[in-house]
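Shown next, in structure tokens, is the structure this report addresses.
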Amino acid sequence: MEAEKKKQIRVWCDGCYDMVHFGHANSLRQAKALGAYLIVGVHTDEEITKHKGPPVYTEEERYKMVRAIKWVDEVVEGAPYVTTLETLDKYNCDFCVHGDDTTMTADGVDTYHLVKEAGRYKEVKRTAGVSTTDLVGRMLLMTRQHFYRGQREYEVGKEGSSTMGQDSAARSPWTGCSQFLPTTQKIIQFSEGKEPKPGDRIVYVAGAFDLFHVGHLDFLEKARAEGDFLIVGLHTDPVVNSYKGKNYPIMNLHERVLSVLACKYVSEVVIGAPYVVSADLMDHFKIDIVCHGNTPIQPDSETGEDAYGIPKKRGCFKFLDSSNQMTTEKIVERIIQHRLEFETRNQKKELKEIAAFEAMKKSQLLNGEA
Ligand code: CTP
Ligand code: C5P
């Protein structure tokens with residue numbers, strides 16, 4: 001009976017989904033699990049600028065990124081900032097789902113007060129350790145503390161990561177970022193967990209896929225169209241750093257794994273793929289075709305080898321034109337150009353959240369709640 005009921009439930013989520021990351025994807029995964037059909041409303045650039053400050057991605061880019069998340073069934077463009085009952089009814093949604101942090105308008109009004117009052121609001125757990133705010137912080141501060149180094153990374157992260165070099169005592173309880181701790185459970189939740197079927201044509205691509213963006217998305221869509229099962233090889237942090245330099249990658253290997261796994265075109269991910277696509281790797285995964293998009297290919301930093309020399313020799317290498325010029329560096333440039341606006345935006349958001357948290361604690365004390 002319960003299962004029958006769940007089959008008909010339509011769930012609504014909304015947000016900015018700027019620089020969409022695996023924290024957003026994880027909230028959508030949890031929301032989808034509460035029903036059968038998930039509709040996601042995405043706000044316009046104008047609305048976000050008014051309430052929060054300018055987004056990094058344009059609305060067209062944000063709509064496209066959300067559409068490609070594997071738990072999303074439908075995207076509503078230009079959804080209102082304050083979620084209304086009319087919106088839920090218009091799309092025939094039973095309730096609205098949001099992470100357990102607060103979202104406020106420019107005037108400090110809870111954007112979910114209407115659906116909360118109507119009992120049509122449910123909360124899922126926000127993913128600790130990842131936020132747009134923190135990613136922007138990494139770019140501006142040019143830090144490398146996020147590189148994956150196991151225990152050492154965790155210790156460093158606890159002391160000094162993220163938000164704009166502010167004092168950690170002034171962190172928001174919701175978005176003030178602690179270090180993300182990767183677990184096998186998270187990977188299982190994000191993964192398809194499927195093997196290729198007999199006769200499937202297997203496609204392999206590799207790269208950094210740092211700050212997973214619309215260029216990656218257009219490329220992966222084309223790569224998937226080359227076969228039935230798409231494997232994405234992700235280079236380790238030191239390998240990416242060896243060819244990108246500075247503080248790249250901005251997202252560490254574990255974070256990149258989840259971002260790529262959340263994409264609906266991806267069937268499987270190799271966690272720490274070799275830079276040179278080897279015969280072993282190709283035979284192990286029974287790869288039919290290896291593809292690369294429209295970015296330059298650098299020779300191996302140690303041996304000078306062509307990364308795609310072997311698939312080329314085997315006659316199974318193909319260039320794909322993603323027709324998209326976006327790169328991770330361009331995103332970082334956008335942020336650096338608007339540095340002041342982002343710093344103000346992030347500080348404002350954090351202060352608003354701290355104030356809301358204090359008010360919440362006070363009212364809980366007054367009501368005698370623990
Ligand atoms: N979300 C989450 N875990 C995160 C980040 C976001 O569960 N680490 C959820 C939010 O709770 C919300 C949805 O993703 O339900 C959309 O969030 P959005 O409106 O885009 O804002 P934030 O991502 O919270 O903004 P920021 O990262 O700048 O703090
Ligand atoms: O640069 P990175 O290693 O993240 O790229 C991963 C893959 O995505 C590469 O094959 C690259 O050519 C492709 N890509 C693309 N179009 C873009 C950005 C990346 O085809 N705009």
Under 3.5 Å, is there a donor on one side chain and an acceptor on the other for [X] and [Y]?
X    : Y    : answer
Y37  : Q8   : no
Y275 : H235 : no
D14  : T83  : yes
T132 : D18  : no
T103 : H98  : yes

Within the structure provided, determine whether [X] and [Y] are in side-chain contact (heavy-atom separation under 4.5 Å).
X    : Y    : value
M282 : C316 : yes
V40  : V76  : no
C263 : L220 : yes
V332 : Y248 : yes
Y265 : F219 : no
Y308 : H292 : yes
V270 : L234 : no
N294 : F319 : no

At what distance, to the nearest 0.5 angstrom, does [atom1] of [X] lie from [atom2] of [Y]?
X    : Y    : atom1 : atom2 : value
H24  : I69  : NE2   : CD1   : 8.5 Å
I39  : C96  : CD1   : SG    : 12.0 Å
K186 : H254 : NZ    : NE2   : 14.0 Å

Set of salt bridge (charged side-chain N to carboxylate O under 4.0 Å, His left out) partners for [X], sequence neighbours left out:
X   : result
E47 : K50
D73 : K32
R10 : none

Tell me if a side-chain donor or acceptor on [X] pairs with a main-chain N or O of [Y] at a distance below 3.5 Å.
X    : Y    : value
E59  : H43  : no
H338 : I335 : no
S267 : F229 : no
R62  : M19  : no
T84  : P80  : no
D237 : N252 : no
T328 : D210 : yes
D200 : D228 : no
K70  : F190 : yes

Residues R334, E61; criterion salt bridge (Lys or Arg N to Asp or Glu O under 4.0 Å); working and verdict: CA-CA 14 Å; R334 281 189 195 179; E61 291 167 337; 3.0 Å; yes
Holding to side-chain hydrogen bond (donor to acceptor under 3.5 Å, both in side chains), I want the full list of residues that pass it with [X], two or more places apart in sequence or in another chain.
X    : result
D280 : none
S191 : none
E305 : T303
S27  : none

**Asked** When hydrophobic residues are tied together by side-chain contacts of less than 4.5 Å, even through go-betweens, does Y204 share a cluster with L320?
**Response** no
Hydrophobic clustering (ILVMFWY, side-chain heavy atoms < 4.5 Å, transitive) - are V75 and W12 grouped together? no
Sequence neighbours excluded - salt bridge (charged side-chain N to carboxylate O under 4.0 Å, His left out) pairs with any residue from [range]:
range            : value
residues 104-119 : D110-K116
residues 314-331 : E226-K318, K244-E329, D283-R314
residues 88-97   : D89-R120

Between V269 and I231, does the side-chain contact (heavy atoms from CB on, under 4.5 Å) criterion hold? Intermediate values first, please. CA-CA 6 Å; V269 165; I231 305 179; over 6 Å; no
Criterion salt bridge (Lys or Arg N to Asp or Glu O under 4.0 Å) on D218 and K222, from CA distance to verdict = CA-CA 6 Å; D218 285 339; K222 293 222 155 125; over 6 Å; no
In short, ring-ring contact (aromatic ring centres under 6.0 Å, His included) pairs touching residues 46-65 with sequence neighbours left out are H51-Y81
Go through the steps for E255 and R138 under the test salt bridge (Lys or Arg N to Asp or Glu O under 4.0 Å), then give the verdict. CA-CA 14 Å; E255 296 168 327; R138 291 182 195 180; 2.9 Å; yes
[X] and [Y]: which non-hydrogen atoms are nearest, and at how many Å?
X    : Y    : value
R256 : A208 : NH1-O, 2.8 Å
A128 : F180 : O-CD1, 3.6 Å
L281 : P274 : CD1-CD, 3.7 Å

_Set of residues satisfying side chain to side chain contact (heavy atoms under 4.5 Å, CB included) with respect to L34, sequence neighbours excluded_ =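 So L34 forms a side chain to side chain contact (heavy atoms under 4.5 Å, CB included) with F95, V97, K122, V124.
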Discussion item. Show, in sequence, the C-alpha distance, side-chain angles and deciding distance for C291 and V203, and conclude whether the side-chain contact (heavy atoms from CB on, under 4.5 Å) test is met.
Written reply: CA-CA 7 Å; C291 303; V203 187; 3.9 Å; yes
Consider side chain to side chain donor-acceptor pair (under 3.5 Å). Of K313, K312, Q298, which one does D306 pass it with?
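Only match with D306 under side chain to side chain donor-acceptor pair (under 3.5 Å): K312.
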Partner of Y112 under side-chain contact (heavy atoms from CB on, under 4.5 Å), picked from V115, L114, V109, is V115
